[in-house]
Structures are given as C-alpha cells and as structure tokens.
Amino acid sequence: MANVYKNIQAKVTSAGSFDDMYTAPAETTSIVKTIKLFNGSALDVEIKIYDASGATDYEYDIANVTASDGVDLLTFNNILILEAGDKIKMKCATGNVIKMTASVLQTSRT
C-alpha cells in the first residue's frame with residue numbers, strides 16, 4: 001500500500017455544464033484535504049460528487065466566489081473520501097475563470 005500526496009490544479013472550462021475536476025485513480029482511495037477556488041469576478045460555482053459505484057451525481061455545495069477572492073470548500077477539519085473512479089465535478093455560468101487547487105492523499109490498494 002503506497003501513499004502519494006498530490007497537488008491538483010484544474011479549471012472550470014465549460015460555461016453552464018459540469019467539468020470533471022478530479023477523478024480518483026483505479027485501485028486508489030483519495031482523501032481530499034483541501035479544495036480552494038479562486039476567481040477574478042463574482043460567480044456561483046455548483047459542486048457535485050460523482051459516485052462511480054452507483055453511477056450517480058450527488059450535490060455537494062454551491063459556493064459564491066467573489067471578485068478576486070478565494071473560497072475554501074473544506075473547512076473545520078472536514079475531509080472528502082473518494083473511492084476509485086469517483087469524481088469532483090464543478091460548473092458555473094462562465095467558462096475559463098474558476099480555478100481549483102486541491103490537496104489530495106492517494107492511498108493505493110495494491
């Protein structure tokens with residue numbers, strides 16, 4: 001069993017449809033420690049978690065990212081556990097402006 005720490009950067013590129021921001025690799029459990037969003041102007045960002053075992057999206061949060069500011073999605077020692085194939089998905093009204101940085105611990109089962 002190997003542990004790998006990852007710094008994930010992604011951008012919501014679509015306008016009005018969900019983009020996959022992170023997918024847990026095969027044979028891996030991912031522990032998401034932080035998710036930070038940043039934007040140059042005010043936008044609402046809808047966040048969903050895709051559960052690969054049930055092939056279903058679940059609503060997670062709607063975050064308002066104000067102009068030239070950042071929002072932490074995981075606070076007060078909260079973490080997010082993703083099994084192999086699970087995804088973090090995001091959408092907003094404008095593409096190519098919301099940037100995400102996440103800190104992830106990937107634990108391999110092999």
Side-chain angles (χ1 to χ4, degrees):
M1 185 178 285
N3 292 331
V4 177
Y5 291 93
K6 294 283 189 173
N7 189 24
I8 309 298
Q9 282 85 30
K11 186 186 284 190
V12 178
T13 57
S14 302
S17 61
F18 281 94
D19 287 325
D20 295 346
M21 303 298 281
Y22 173 76
T23 302
E27 300 296 321
T28 302
T29 298
S30 296
I31 302 170
V32 183
K33 307 281 278 179
T34 65
I35 301 174
K36 178 89 170 189
L37 301 179
F38 182 81
N39 183 28
S41 61
L43 279 173
D44 286 334
V45 180
E46 188 175 345
I47 301 100
K48 289 187 177 188
I49 304 301
Y50 173 78
D51 178 12
S53 65
T56 305
D57 286 331
Y58 292 95
E59 286 74 17
Y60 183 77
D61 199 358
I62 296 176
N64 181 270
V65 185
T66 58
S68 298
D69 200 6
V71 171
D72 291 308
L73 295 182
L74 299 175
T75 58
F76 304 110
N77 294 323
N78 291 326
I79 60 172
L80 183 60
I81 307 296
L82 300 176
E83 298 171 339
D86 291 353
K87 300 176 184 182
I88 299 171
K89 301 167 85 171
M90 296 183 189
K91 82 171 181 178
C92 61
T94 305
N96 293 311
V97 292
I98 294 291
K99 297 174 186 148
M100 178 199 82
T101 298
S103 298
V104 178
L105 170 60
Q106 296 177 341
T107 303
S108 173
R109 290 180 261 165
T110 56

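Taking every heavy atom of both residues into account, Ala24 and Thr28 meet most closely at CB-O, 4.4 Å. Residue Leu43 comes nearest to Cys92 through the heavy atom pair CD1-SG, 4.1 Å, listed as atom of the first residue, atom of the second, then distance. Among all heavy-atom pairs drawn from Ile62 and Glu46, the shortest one is CG1-CG, 4.1 Å. Contact between Ala15 and Gly95 at its shortest, heavy atoms only, is CB-N, 3.7 Å. Across Ser30 and Tyr22, no two heavy atoms sit closer than the pair OG-OH, 2.7 Å. Contact between Ile81 and Ile31 at its shortest, heavy atoms only, is CD1-CG1, 3.7 Å.
In this structure Asn77 satisfies the side chain to side chain contact (heavy atoms under 4.5 Å, CB included) test with no other residue, sequence neighbours excluded. Every residue meeting the side chain to side chain contact (heavy atoms under 4.5 Å, CB included) condition with Val71, not counting sequence neighbours, appears here in chain and number order: Ala63, Val65, Leu73. Applying the salt bridge (Lys or Arg N to Asp or Glu O under 4.0 Å) criterion to Lys33, with sequence neighbours excluded, gives no partner residue. Remark: Glu59 engages Lys48 in a side chain to side chain contact (heavy atoms under 4.5 Å, CB included) (not counting sequence neighbours). Residues that satisfy the side chain to side chain contact (heavy atoms under 4.5 Å, CB included) test with Ala52, not counting sequence neighbours, are Tyr50, Asp86.
The line from CG of Asn96 to OG1 of Thr13 is 6.0 Å long, rounded to the nearest 0.5 Å. Atom CD1 of residue Ile79 and atom OG1 of residue Thr34 lie 12.0 Å apart, to the nearest 0.5 angstrom. Distance check: Thr94 OG1 to Asp44 CG gives 10.5 Å after rounding to the nearest 0.5 Å. Atom CD1 of Ile47 is separated from atom NZ of Lys89 by 13.5 Å, given to the nearest 0.5 angstrom. Here Gln9 contributes atom CD and Met100 contributes atom CE; the two are 8.0 Å apart, rounded to the nearest 0.5 Å. With rounding to the nearest 0.5 angstrom, the CG atom of Leu37 is 11.0 Å from the CG atom of Asp69.
When Val32, Leu82, Ile88 are each tested for a side-chain contact (heavy atoms from CB on, under 4.5 Å) with Val104, only one passes: Val32.
Remark: the Thr107 side chain and the Thr29 side chain contain no N/O donor-acceptor pair separated by less than 3.5 Å.
At a threshold of 4.5 Å between non-hydrogen side-chain atoms, the residues Phe18 and Asp57 do not count as touching.
Hydrophobic clustering (side-chain heavy atoms under 4.5 Å, transitive across Ile, Leu, Val, Met, Phe, Trp, Tyr) groups Ile98 together with Ile49.
Remark: Lys91 NZ is packed, more than 12 non-hydrogen atoms of other residues, nucleotides or ligands lying under 6.0 Å away.
Residue pairs meeting the salt bridge (Lys or Arg N to Asp or Glu O under 4.0 Å) criterion with at least one member in residues 8-26, sequence neighbours excluded: Asp20-Lys87.
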